[in-house]
Each structure stands twice: as structure tokens, then as C-alpha cells.
Protein chains: 4
Amino acid sequence: MEAILDAAVRVLKRDGVSAITTNRIAEIAGVSIGSVYQYFPDKRAIFIALHRRHVEEIDRRIEQTVIAHAAAPLEALLRAMVEAVVEAHSADPVLHELLSTQVPHRGDGTREFAQRLQGVFRLAISARTNELGRRRPERLAFVLAHMLDALGHGAALRRPPELSLAEAKQEAVRAMLTYLKA
Amino acid sequence: MEAILDAAVRVLKRDGVSAITTNRIAEIAGVSIGSVYQYFPDKRAIFIALHRRHVEEIDRRIEQTVIAHAAAPLEALLRAMVEAVVEAHSADPVLHELLSTQVPHRGDGTREFAQRLQGVFRLAISARTNELGRRRPERLAFVLAHMLDALGHGAALRRPPELSLAEAKQEAVRAMLTYLKA
Amino acid sequence: MEAILDAAVRVLKRDGVSAITTNRIAEIAGVSIGSVYQYFPDKRAIFIALHRRHVEEIDRRIEQTVIAHAAAPLEALLRAMVEAVVEAHSADPVLHELLSTQVPHRGDGTREFAQRLQGVFRLAISARTNELGRRRPERLAFVLAHMLDALGHGAALRRPPELSLAEAKQEAVRAMLTYLKA
Amino acid sequence: MEAILDAAVRVLKRDGVSAITTNRIAEIAGVSIGSVYQYFPDKRAIFIALHRRHVEEIDRRIEQTVIAHAAAPLEALLRAMVEAVVEAHSADPVLHELLSTQVPHRGDGTREFAQRLQGVFRLAISARTNELGRRRPERLAFVLAHMLDALGHGAALRRPPELSLAEAKQEAVRAMLTYLKA
DNA sequence: CATGAATGAGTGTTCATTCAT
DNA sequence: AATGAATGAACACTCATTCAT
């Protein structure tokens, strides 16, 4: 099963979306087409599994980061989360791009990253009521989640040439902190 | 040509991506399949044109907003831009979603929205040096562009149930202003 | 594979070249169109295989004739070869005509019949040096191959009404013998 | 009309048979597709005209040769006819090959060259009864026509490397004369 | 006469899926 | 469980032909 998904990724990266045929995936995976259908009911299921695997990998990193910084000051947490998001997008930017722009998704149960991040932030914020006061947490989470998603993604992949990666990350943290402290 | 693109949109919204066949587009557009191929070399070209049209429509709105507020105070400009982005995403959220998640793109010359926004912001910032000081404009533009993209998109489509649209927009403006004034 | 080629021939003879569509071939062959493409990469490949099969069949007859008359006097050999060529053209004149005038070929590795015959004759001549003398064998082969091809083909298909098949064959042999003995 | 046929030839030679579309012919000819249909009822008609033009050109040469040598000795006539056939095949061997192997024909009223040649030879033979005696002219014509066709064509295009063009032509004449004098 | 946009039947080909072995 | 030959619906695309201008 893992081999099949890996094969799908390999085909995707080597030859593009239009080359992903079930037969080709089977061939690259080194199994028969029949075996592919033993594990996946149809082609969509392969795409969904591909997305889910990718999403779970990223979510795991984020959760670990939050847990690791449960007791840390806010700035450290945010810095770590920016780091995590940038890494996630840097790790395999090509795959990430292809997966989100080329491979039909939605319809898998996966909400978008920014949406999932909001939940994470609500928990992190609730745990820091004394530091942040009793402002509406869903509002903070909404803004922070979107800032983190966009700035992390942007720092990794959409920086202007004059901006170094370190500067972009630093600026992302600064912007989020400024917002929180206002 | 416009009729063909409209037909493609109609098919896309009515029956989903997998229903967009060149023959079906022609049928809905009320032209023969031959005529479709007189104007578009192949199916991909239809998708690219669809994207380009959509992107140009959004860019036009943004530009008009910036021009209309060229002399206005920063807060008014930001408020108007948030409004424009939210509207763009609200106008036809289904089409927008489908276009960016279902229809294979890239390979048209279109950079992502956040990237195009950075350019717009650099101009707007350069024109307000006296108000903003001489801080590095590409850095400000980088952050603002990503905030606007993410928060605008989020306000329209990813709000938590406790947050009204007006509140989300207001908060987006506030966050951007806070960042700028820090 | 053989069934597919047979079907192609059947379609060709029944309905003419323009009726040979891959789907029709599959239908007549009693296999699915998918199976046709499992064995032939594209339509041209079917034509090429058709030609090759036809050519090989004829070449086999010629070779057998030569072998069978390896020790026979020249006249007997020539008589047998005329017979073989006439038969080849008479056996299925329609198919032969269609194959060479209607079905695009060349590009398969097949040289023309007259060219292949030259090789055969060179061998047959080399084996009869004592009977024929040491005249340049490639010159004899050149003339004989072309005479055999043309007169055999002509006897089968282009006889004037006053000339019986037997007479035409007899005259062909006579002409070739006369040339050889001059 | 001539321009259209020329364009067809140009397309044929440049891009092969499968590239000959009526629209392309019109484009290369510099006329509109409508005009093509003003002069030719359909595509087949273009092919037929192409063949007819080619055939008439060759037939004209043969006739001129026969007329020019009406009073000449047999050997001179045969030598001149071999020359004419070789020239016809050498002039534009590519076009000739394509026309006879790639472009569907038959169904135009044109009989094959060897068949048309038989008629020519019958006349030439009848005019030389005193030289040739009263042998059955259709039999002589049958053999000579096929020899001329095959050896002329072969001398131009299917010579073995050891045989020069001059030798091949000389041998063709010799073979025909030998046959006639036997 | 000329034009060329429009037509649409028909073609080659693909590829997700099945199922007997 | 694994195989892979076979399937055939469905698709993108072509191109001979028409006809209003």
C-alpha cells in the first residue's frame, strides 16, 4: 500500500499528473494492476490516500511542535511553528504544489490547513489565558492560523529576491507577536 | 470564445470537473465541437483561458481599489482591499474553489495571488513613504500581501461559526494596521 | 494477433480501405478494441504487419521453389518460378492489389519484390556457373528478377484478351531462357 | 487548378501522405478551401487528377519517342524508349514512389503503365511487320511492355551497386533485342 | 467567383476496471 | 492473495465538406 502511494508520487513528480494512470502506478510499484485494486477501490481513493498521508505528516509536525512548547513562552512557540510550516513546505515543495494544484482533492475529509490550524491555535491560546487575557480566542486563532499558513508558505516559496529566508521567518514571528500584543 | 468559456464554467458548476468534456462544452455553448477547436488548440488551453479570465477579473478589482484610494489614508485603503478580496472570494466561491483545487493549472503564466499582491503593495507603500517611514518596502509588502490574501480568503470562506463576516473583516484590517504601525 | 490481421484483411476485401477502422477490425476479429492496442501500438503497425505477413508468404513460396529445383535444369527452375509468381498473384489478386495500391506502406523494412528476387537469382546463378559461364551474375540477376516479377505479375493480371494464361507463362519462360542463352 | 495540384505535390513531398488535407492544400496553394471545392468535387478528385497528370506526362514522352523513331531501326527505338522510361522514373522518383505506393488510386480510369505500354508496342510492331515477321504481335507486345516497364524502372531505382546506370540500360536493350530476334 | 467560419460525423486511442486463473 | 490479459465506454481531436456573405 505504501509502495503504491510512493509509486504514485514518483510518477507524479517524474511525468506530471496526466501520466498517473493506475496501470502505470502498478508498474512502477512493481505490483500487478490487480493488486492495486485489492487495496484501493478506485483511482480517487489513491489520490485521497495521497493527500491524507501528506496532511497527516504535516499535522503531526505541528502537533509535536505545540506539545514540545506547551510550557514555553509564546514567542518561542510561534517561532517553532513558523519553522515547522516553512520546513513542511520546503521539504518537498514540488510534491506539495502538485498535490494542491494539480491533483483533484476535496471530497476527502480533509479541511484546509488554515482551518485545521485554527483548532490548534484555539487550544494553545486557551492554555495561555493568563498571558493573553480573556480576548475572544476564536478571533485570535482565526487571524493567527491564517497568518501562519500564509507567511510560512510564503517564506518558503514566495519570497521576493531581496528577502532572505531567515528575515522572512523572523518577520513572520514579529508580525504575529505584534498582533497578539496589540 | 467568451461563450465557450462561459459554457465551460456552466458545465463545471453543474456537473463537476469530470463532466467537462470538449464535446459537452461545445454542446452547452451552442457551437460545434469543430468551432471550439478553431479557437482553442486543445482542452488545456480552455482551462488556461478560464484561469486567466478569472485572475484578470480579480486583479482588475484590486487595481481599481488601489487607484481609487491612492490619496486616501492607509486604513481606508486596507479596509477597501479586504473588502475587495472578500468580495472576490464570495462572488463565486464554488467556481473559485473548483478552479484552484480541481482544474489542473500552472503552466499558464499566472503567478499566485499572494505573489501578485506583493507588487501592488510595494507601489502603494512607496507612495506613502512619509506616512510609513523608510522601512524596507519589500518586507512590508511580503507580510501585507500574505495577510491580505489569507485573511480575506479566510474571512469569506473559513470563518469559525462564532465570527461574523463583519468582525472577521474588521479584525483583518486591525491586524494589518497594527503590523504597519509597529 | 493472427485473428486481428485476418479481420483486417476481411474488412479490407469486404468494404475497401476507407472502411478499415481500428474499431471495425476489433469488432470483426471478435476482440475488444483494447486488445487490438495490446498487440499493435497503432493502426500503421497493423498495416505493416499485414504487408510483412503477405511478403513472407510469397518469399517462402519462392524459396521453396528454388530449393526444390536446386539440382534441376534451368528451364525447369524458371518454369517453376513463373508458376510460383503467377500463383502468388492469382491466389488473392484483390488483396494483393489493395495492399500495394491502397494501403500506405513503405517504412516497413520490406524492399520491393523485384529487389528481393535479385538476391534469390544471384544464388541460383552462382550455383550454375558451369551451365551459364562466368558472366557477371548481378547483371543476369538484375534482368531475370525484373522479367520474372513483371511477366509473372502481367501473366496473372494484365494479359491481353488474345493471350491465354498458359501461353503467357510459356512465353515468359521462353523469354527468360532466350536471354540467358544469348 | 494547376496551383492546387502543385500544392498537393508540395505537401505530399514535404510532410507525407497523412498531411494532405484539403485545408492544407488550399493554404499552401494560397487559395481558400472554398475555391478548391470550386474545381474539385471532393478529395479523391484531387488524387485522381494528380495521377492523371503524372500519367499523361509520362505517356506523352513515350508517344513522342515512338513518333520520333517511327522510321528508325528497332534497336534505336528500344534504346530511346528505355531512355524515356528511365528518365521518367529518375525525374522525380520520390513523387513517383509516393504516388504509386502511398496515394490511393485505381478508380481513376488509368490502367497501369505496363498495360498502356502494350498498346504502344502493338502499334510499333505492326508497323514493322517486314522486319519482325508475322508473329503474334500481342504476344510480343505483352513481353516487351513488361520488360520495358520493369527494366526501365529497375535501372533507375533498383540497380545493385555493382551495376552502373549505363550498363543497366544497355543490358535492358540487349535483353529486349535478343527476345525479339529469337 | 471567392472566401473562410462553421459544421459534426467519425477516428484513433486511452485507461479505469474486471475477473478467470 | 496476486496476476495481467481483456474489456469497452468514453474521450480528445481531425478534417472533408458546406454555405452565407
Side-chain angles (χ1 to χ4, degrees), chain A residues 1 3-4 8 11 17-27 29-47, chain B residues 1 3-4 8 11 17-27 29-47, chain C residues 1 3-4 8 11 17-27 29-47, chain D residues 1 3-4 8 11 17-27 29-47:
Chain A
M1 284 212 22
I4 292 169
V11 174
V17 222
S18 55
I20 315 189
T21 68
T22 50
N23 284 289
R24 186 139 173 64
I25 289 174
E27 184 195 1
V31 300
S32 76
I33 176 65
S35 295
V36 170
Y37 278 85
Q38 204 100 41
Y39 295 109
F40 297 94
D42 57 23
K43 200 189 178 187
R44 263 187 84 251
I46 299 177
F47 286 155
Chain B
M1 286 206 28
I4 292 169
V11 174
V17 222
S18 56
I20 314 189
T21 67
T22 50
N23 283 291
R24 186 139 174 63
I25 289 174
E27 185 193 1
V31 299
S32 77
I33 176 65
S35 294
V36 170
Y37 279 87
Q38 201 119 47
Y39 295 110
F40 297 94
D42 55 24
K43 201 186 177 186
R44 263 189 83 249
I46 300 178
F47 288 154
Chain C
M1 284 208 29
I4 291 169
V11 174
V17 222
S18 56
I20 316 188
T21 69
T22 50
N23 282 291
R24 187 139 174 63
I25 290 174
E27 186 193 2
V31 299
S32 77
I33 176 65
S35 294
V36 171
Y37 279 88
Q38 201 119 44
Y39 295 110
F40 297 94
D42 55 24
K43 200 186 177 185
R44 263 188 83 251
I46 299 177
F47 288 154
Chain D
M1 285 215 17
I4 292 170
V11 173
V17 222
S18 57
I20 315 190
T21 67
T22 51
N23 282 289
R24 186 139 174 64
I25 289 174
E27 185 194 2
V31 300
S32 75
I33 176 65
S35 294
V36 170
Y37 278 85
Q38 205 99 42
Y39 295 109
F40 297 94
D42 56 24
K43 200 188 178 186
R44 262 188 82 251
I46 299 177
F47 286 155

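We name chains A, B, ... by the order of the sequence lines, and we start the count at 1 in each one.
Nearer to the 5' terminus of DNA chain F, by closest-nucleotide assignment, is the contact made by C:Val36 (compared with the other of C:Val36 and B:Ala19). Both B:Lys43 and C:Gly30 lie close to DNA chain F; mapped to their nearest nucleotides by heavy-atom distance, the more 5′-ward contact belongs to C:Gly30. Judged by closest nucleotide on DNA chain E, A:Arg24 is the one of A:Gly34 and A:Arg24 placed further toward the 5' end.
One finds no side-chain N or O of D:Thr21 lying less than 4.0 angstrom from the OP1 or OP2 phosphate oxygen of F:dC15. Contact annotation: C:Tyr39 reaches the phosphate of F:dA6 (side-chain N/O to OP1 or OP2, under 4.0 Å). Of the side-chain N and O atoms in C:Ser35, one or more sit less than 4.0 angstrom from OP1 or OP2 of F:dT7. Contact annotation: B:Thr22 side-chain N/O to F:dA12 OP1/OP2 distance is under 4.0 Å. A close approach under 4.0 Å does occur between a side-chain nitrogen or oxygen of C:Ser32 and OP1 or OP2 of F:dT7.
One finds the CZ atom of D:Phe47 at 4.5 Å from the CD1 atom of D:Ile20 (value rounded to the nearest 0.5 Å). One finds the CD1 atom of D:Ile33 at 8.0 Å from the CD1 atom of D:Ile25 (value rounded to the nearest 0.5 Å).
What separates CD1 of A:Ile46 from C1' of E:dT17 is a distance of 12 Å, to the nearest Å. Rounded to whole Å, atom P of F:dA12 lies 8 Å from atom CZ of B:Phe47. Protein atom CD1 of A:Ile4 is 14 Å distant from nucleotide atom P of E:dT17, rounded to whole Å. With rounding to whole Å, C:Arg44 atom CZ is found 14 Å from E:dG12 atom P. Rounded to whole Å, the distance from CD on D:Glu27 to P on E:dA5 is 12 Å. As a whole-Å value, the separation of B:Met1 CE from E:dA5 P is 14 Å.
Residue contacts for A:Phe40: at a heavy-atom cut-off of 4.0 Å it reaches no nucleic acid atom on any strand shown.
The main-chain N or O of D:Ala26 is never found under 3.5 Å from a side-chain atom of D:Asn23 such that the two would form a donor-acceptor pair. Between the side chain of A:Ser35 and the backbone N or O of A:Gln38, no donor-acceptor pair lies under 3.5 Å.
Here the closest heavy-atom approach between residue B:Ala3 and residue B:Ala29 is recorded as O-CB, 3.8 Å. When all heavy atoms of C:Ile4 and C:Phe40 are compared, the closest pair comes out as CG2-CE1, 3.7 Å.
Look at E:dG8: its Watson-Crick or wobble partner, with both distances under 3.5 angstrom, is F:dC15. Here E:dT21 sits opposite F:dA2 as a Watson-Crick or G-U wobble pair (both hydrogen-bonding atom distances under 3.5 Å).
Of the listed nucleotides (F:dT14, F:dT17, E:dT7), F:dT14 has the atom at the smallest distance from the side chain of B:Tyr37. The listed nucleotides are F:dC13, E:dG12, F:dG8; the one nearest the side chain of B:Ile33 is F:dC13. Distances from the side chain of A:Asn23 to the nucleotides E:dT7, E:dC15, F:dT17 place E:dC15 closest. When the nucleotides E:dA6, F:dT18, F:dT3 are ranked by their closest atom to the side chain of B:Gln38, E:dA6 comes out on top.
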